[in-house]
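Working notes, beginning with the structure itself.
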Number of protein chains: 2
Amino acid sequence: MQEFLANGYAATSMDRVAATAGVSKATVYSHFQDKASLFAALVQELAEEKFRTVFDPRDHNALKGEPRQVLSELAEKVLDDAAQDSQFCEFMRLIVGESGRFPELAAPYVQNVAKPLLDALARYLASCPELQLADPEATARVFIGTLIYFVLLQRVLGGKDSLPMESDRIVTTLIDLIVPA
Amino acid sequence: MQEFLANGYAATSMDRVAATAGVSKATVYSHFQDKASLFAALVQELAEEKFRTVFDPRDHNALKGEPRQVLSELAEKVLDDAAQDSQFCEFMRLIVGESGRFPELAAPYVQNVAKPLLDALARYLASCPELQLADPEATARVFIGTLIYFVLLQRVLGGKDSLPMESDRIVTTLIDLIVPA
DNA sequence: GTCTATACATCGATAGAC
DNA sequence: GTCTATCGATGTATAGAC
């Protein structure tokens, strides 16, 4: 996986995969039918790992409580995840970059990672009477979309230097828009 | 460019580039030093084209007027652009997917396309006294980020079917959040 | 300037020994 | 199960004729 994350699908050779794994190429081919199958298996495994992270049992009760607090913690969690875990950006590059040629890999990611997160947030937003939201589902997309775009621009596309912006301003602005004063 | 957009950098062969261009491979190499140089030249040209689209002279006065109207039109324009122009998704896949190995290509895109758009919107938002925005720059990021994420999820990653959402709901929600009732 | 032909490396995948 | 050795195809890039 580390080879695919670093080089993308096409630029990753099975020689390097085997070398990095510490086995011979024939051994790799005894476990996986071909390069595409290996890639699919690795990506799906990583996607399931991300899925378990999003649905961390410890955070099962995270989306309960006072809106400003809950939304602030969720935003920090997503941004910290993206900032610390360098895999996050590489995985984003891979899944977006290969989504045209491997739509069967992008689909489970949307279904198992993006959808559960959006659904959980939408349910929480809908459960807060004080928010008075006309469309919680769309509001959840505004929230997550703003955060993902921030990570995309600052870290994935390297806008950190040329287009500086503190993440705190994004979070504060987002919460002030959603939670009435 | 059509080959790079369809296959990505690594999976595009210079044979196919030459064939699609209707010339021989040697001719291509007489105009460009190597594959990477050709790719860089093509992407920068396309980025400049997108730049001119964003800064369409006809729309020079677009960001003036009543907020609900202006923001609604801007959102529709971005979403329509992404929906009709199939190049939009392919270009997004390419620029994101190759941003790790070609950071020198992502940087001009951020500088010449994303930044002007965000700046223009932030200036407009700041110029509207009735909006009373504490942080127009961050608010511009919320607006554009929500739209780009929508396109990313629905079209680039193919969530159109598995995660349906009408664009109108996004636009309406976004505007209701930013523009006071 | 553009072509054909080719050099040289590396690719994915497999055969056969152990 | 894992290895070494290798196949045929394809990759980038260039040489030399026109």
Side-chain angles (χ1 to χ4, degrees), chain A residues 1-49 87 90-109, chain B residues 1-49 87 90-109:
Chain A
M1 194 66 215
Q2 111 190 32
E3 289 295 327
F4 283 117
L5 284 174
N7 312 312
Y9 176 76
T12 295
S13 74
M14 294 298 272
D15 288 83
R16 288 172 60 95
V17 168
T20 302
V23 296
S24 76
K25 204 160 47 162
T27 300
V28 177
Y29 276 101
S30 76
H31 289 283
F32 300 92
Q33 192 179 8
D34 52 22
K35 184 183 176 182
S37 299
L38 169 63
F39 180 63
L42 288 173
V43 169
Q44 287 192 12
E45 194 193 38
L46 191 56
E48 286 174 15
E49 185 187 317
Q87 261 197 1
E90 290 170 358
F91 187 67
M92 197 159 169
R93 290 195 186 104
L94 196 65
I95 206 83
V96 172
E98 306 295 347
S99 59
R101 288 168 293 280
F102 290 93
E104 72 275 17
L105 294 184
Y109 180 76
Chain B
M1 193 67 215
Q2 114 190 30
E3 289 295 327
F4 283 117
L5 283 174
N7 312 312
Y9 175 77
T12 295
S13 74
M14 294 298 272
D15 288 84
R16 289 172 59 96
V17 168
T20 302
V23 296
S24 76
K25 207 162 39 163
T27 300
V28 177
Y29 276 100
S30 75
H31 289 284
F32 300 93
Q33 192 179 8
D34 52 23
K35 184 182 177 182
S37 300
L38 169 63
F39 180 63
L42 288 174
V43 170
Q44 287 192 11
E45 193 192 39
L46 190 56
E48 286 174 15
E49 185 186 316
Q87 261 197 2
E90 290 169 358
F91 187 67
M92 198 161 169
R93 289 195 186 104
L94 196 64
I95 206 85
V96 171
E98 306 294 349
S99 58
R101 289 168 292 280
F102 290 92
E104 73 275 16
L105 294 184
Y109 180 75

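Atoms considered below: every heavy atom in the structure, side chains included; atoms not considered: hydrogens, waters and symmetry mates.
Contacts of B:Asp34 with the nucleic acid, taken as non-hydrogen atoms under 4.0 Å apart, involve only primed sugar atoms and P, OP1 or OP2. Within 4.0 Å of B:Ser24, counting heavy atoms only, lies at least one base atom of the nucleic acid.
Computed from coordinates, the A:Phe39 CZ to C:dG12 C1' distance equals 16 Å when rounded to whole Å. Separating the CD atom of A:Glu3 from the P atom of C:dC11 is a distance of 11 Å, rounded to the nearest angstrom. Rounded to a whole Å, the CE atom of A:Met14 is 14 Å from the P atom of D:dC3. Note: CZ (B:Phe32) to C1' (C:dG1) measures 15 Å, nearest angstrom. Rounded to whole Å, the distance from CD on A:Gln33 to C1' on C:dG12 is 13 Å. If you measure from atom CG of B:Asp15 to atom C1' of D:dG11, you get 8 Å, rounded to the nearest angstrom. Atom NZ in B:Lys25 sits roughly 8 Å away from atom P in D:dG11 (whole-Å rounding). To the nearest angstrom, C1' of D:dG11 lies 12 Å from NZ of A:Lys35.
Close to C:dA13, at under 4.0 Å from its OP1 or OP2, lies a side-chain N or O of A:Tyr29. Remark: B:Ser30 is not in phosphate contact with C:dG1, judged by side-chain N or O atoms under 4.0 Å from OP1 or OP2. OP1 or OP2 of C:dT2 sits under 4.0 Å from a side-chain N or O of B:His31. Using a 4.0 Å cut-off, some side-chain N or O of B:Thr27 falls inside it from OP1 or OP2 of C:dC3.
A donor-acceptor contact closer than 3.5 angstrom is absent between the side chains of A:Ser30 and A:Thr27.
For the ring-ring contact (aromatic ring centres under 6.0 Å, His included) condition, the pairs that include at least one residue of residues 90-109 of chain A, sequence neighbours left out, are A:Tyr9-A:Phe102, A:Phe39-A:Phe102, A:Phe91-A:Tyr109.
Along DNA chain C, the nucleotide nearest to A:Tyr9 and the one nearest to B:Gly22 differ in position, and the one closer to the 5' end is contacted by B:Gly22.
Put simply, CG on B:Leu5 and CG on B:Leu46 are 6.5 Å apart, with the number rounded to the nearest 0.5 Å.
Proximity of a side-chain donor or acceptor of B:Arg93 to a complementary backbone N or O of B:Ala6 within less than 3.5 Å is not detected. Under a 3.5 Å cut-off, the side chain of A:Thr12 and the backbone N or O of A:Glu3 do form a donor-acceptor pair.
Side-chain proximity of B:Ala26 to C:dA13, D:dC3, C:dC3: nearest is C:dC3. The side chain of B:Ser13 lies closest to D:dT12 when the candidates are D:dT12, C:dG12, D:dT14.
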